[in-house]
Amino acid sequence: MCGIVGYIGERQASDILIKGLSRLEYRGYDSAGIAIANGKLEVRKKKGKIVHLSNDLERAGISGKIGIGHTRWATHGAPNDVNAHPHVSSDGTFALVHNGIIENYTALRESLSSRGYNFTSQTDTEVLVRLIEDVQKNTGLSLGKAVRQALSQVEGAYGIALVSGEDSDMLIAARKGSPLLLGIGEGEYFLGSDAAPIIEYTKKVVYLNDGELIIVRRSGFKVFSVEDEALDKTVHELEWDLEQIEKGGYEHFMLKEIMEQPSAVENSMRGRMLDHDPFVQLGGMMDSIEDLKNASRIILCACGTSWHAALVGEYLIESLARIPVEVEYASEFRYRNPILREGDAVIVISQSGETADTLAAMEEAQKNNVPVYGICNTVGSTIARETKAGVYLHAGPEIGVASTKAFTAQVSVLTQLALKLSQGRTLGDDELKEYVTEMKAIPAKIQQVLDSADYVKEISQIYGHASNFLYLGRGPNFPVALEGALKLKEISYIHAEGYPAAEMKHGPIALIDESMPVVFLAMQDSSYQKVLSNIEEVAARDGIVIAVTDANNGDLDALCEHVIRIPKTIELLSPLLSVVPLQLLSYYIAVMRGCEVDQPRNLAKSVTVE
Ligand code: G6P
């Protein structure tokens, strides 16, 4: 949500900033802008996607070797040129970009207005700019110190970067709640709200923690704490490669990421699954497994697709390990005064590791002295750093806004965790071995599902004009129904609902007519006969049924318009396969409808505001 880039060095900053913004565009695409310091400050900003800004710069470039850039996901104020970042001080001496929300901006704005400051935008960011000016005016402090003092008056979350027209050798950045990292090159530095704009130039990075402020010059950088003390920071090595964040011949990142699922799931298991004791090795959680086994309750907190993975996790952990699990929307958890007791354990699940609601849930649990573990994809993210222990997905970077490979990798990791928690308690060695063997076969089975993509594409061409879809599933495939519906809503803007199949008769059945496709997850598992009855009920009302079922199942051809066959697996593992045709269906429908698959309207990949 909002992307920040910065550069200081000897190259032309605008080239690096535009490229960096393009790599961050999945974080927001309402407007984009840059500010370059070259003896004075030059700012260019444009509503809409980065291409508008880069076209503008092609017509008339800005020369300079230090600058900041921003791609916006609008919170306060409409997406237009005026509200676009960077925002500049009244005297034109510095420019600032911001990711996050200044929650007390109304009070600050009123107080600054009463002291004669003018505002041209509706943003909370401009309030921060004026506040810094005010501190400078009243105290005569340097820009860095004025920023620090102004930030102490701010409530809310921010990742900010500043550049000064008066000092072309200084970049300032600070964070509280919104990620920022510094890439270290040879005599040059790169700032990013994630690694995507940095990876092309260097793999050496420093992650900023909450409350830290960094001053970067060509000769080096200094990080300061909230108390203004200089800090020693560890330099980390990025694990991702440039090619992983490029499309690699695919038309969209989403399709690339759907197709990458065999390797993403394989990587999520690499070195972790053995067909003999200890069966599952989750290195990062080793010291915590006994505590989790003894937990009286495990609470899984997440948002969006990760929340759907958590629901699958509930089935897995409860069925296999027999430990009670609750699944919470992270956004609700914090604000409903949750009951957290000794013996509880919280696991936060997040692709980005930066979702503001999930971070808030993590903090709520920590405040109540409940141990918090993390399952996330982004190495070095806030969740990775601030949880007691955790497991990485190792799915590689996910750029498409609609999450796909992160979901299957999350379900894979949750399966591994459930198996580990079952060991020596509810599952014997033979059962564990059976699960491990089947898990190892899953990547090849996902590939088999992907091989039938053309058939799913054909179906998409027939129903791509529908206005409503219903997705129905039971047991571990109920969350898959929710995920299928979410994927369709997100990228093709078709209204879709996911329901437990048996609940259909309590409401959604009223919607069924000859124009509504109903997607059934109908694997031949313990609830198959019941699902079959539900299919009959839809067929009897002239509904259109698209069924996802096991490879050898011939029952459904007469009843359903279309039958998508996937390889057979163990019931609890079937979400890893059954979700794939639903991802493909939404992808092909969105393409057919001419939608912007990787950058659906109003959405952002990483939601770093509450
Ligand atoms: C946004 C994205 C979703 C994602 C959700 C949670 O809404 O558009 O694709 O599932 O955030 O993100 P996280 O990074 O915490 O998994």
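Note that the structure is a prediction, hence the values are computed from the model and not measured. In listed order, ligands and their atoms are each counted from 1.
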#### Entry: Any Ser403 side-chain heavy atom under 4.5 Å of Glu398 side chain
yes
### Query
Any side-chain heavy atom of Thr415 within less than 4.5 Å of one from Met439?
yes
### Query
Do the two ring centres, one from Phe407 and one from His308, sit under 6.0 Å apart?
no
### Message
Ring-plane angle category for Tyr392 and His394, please: parallel below 30°, perpendicular beyond 60°, tilted otherwise.
### Response
tilted
### His252 and Tyr587 aromatic ring geometry - parallel, tilted or perpendicular at 30°/60° bounds
perpendicular
### Query
Of all residues at least two apart in sequence or in a different chain, which pass the side-chain contact (heavy atoms from CB on, under 4.5 Å) check with Arg601?
Tyr493
Contact table ligand 1 N or O to protein N or O, d under 3.5 Å:
unit_1	atom_1	unit_2	atom_2	d
ligand 1	8 (O)	Ala604	O	3.0
ligand 1	9 (O)	Val401	O	3.0
ligand 1	10 (O)	Thr305	N	3.0
ligand 1	12 (O)	Thr355	OG1	3.3
ligand 1	14 (O)	Ser350	OG	3.3
ligand 1	14 (O)	Gln351	N	3.4
ligand 1	14 (O)	Ser352	N	2.7
ligand 1	14 (O)	Ser352	OG	2.6
ligand 1	14 (O)	Thr355	OG1	3.4
ligand 1	15 (O)	Ser350	OG	2.6
ligand 1	15 (O)	Thr355	OG1	2.5
ligand 1	16 (O)	Ser306	OG	2.5
ligand 1	16 (O)	Gln351	N	2.7

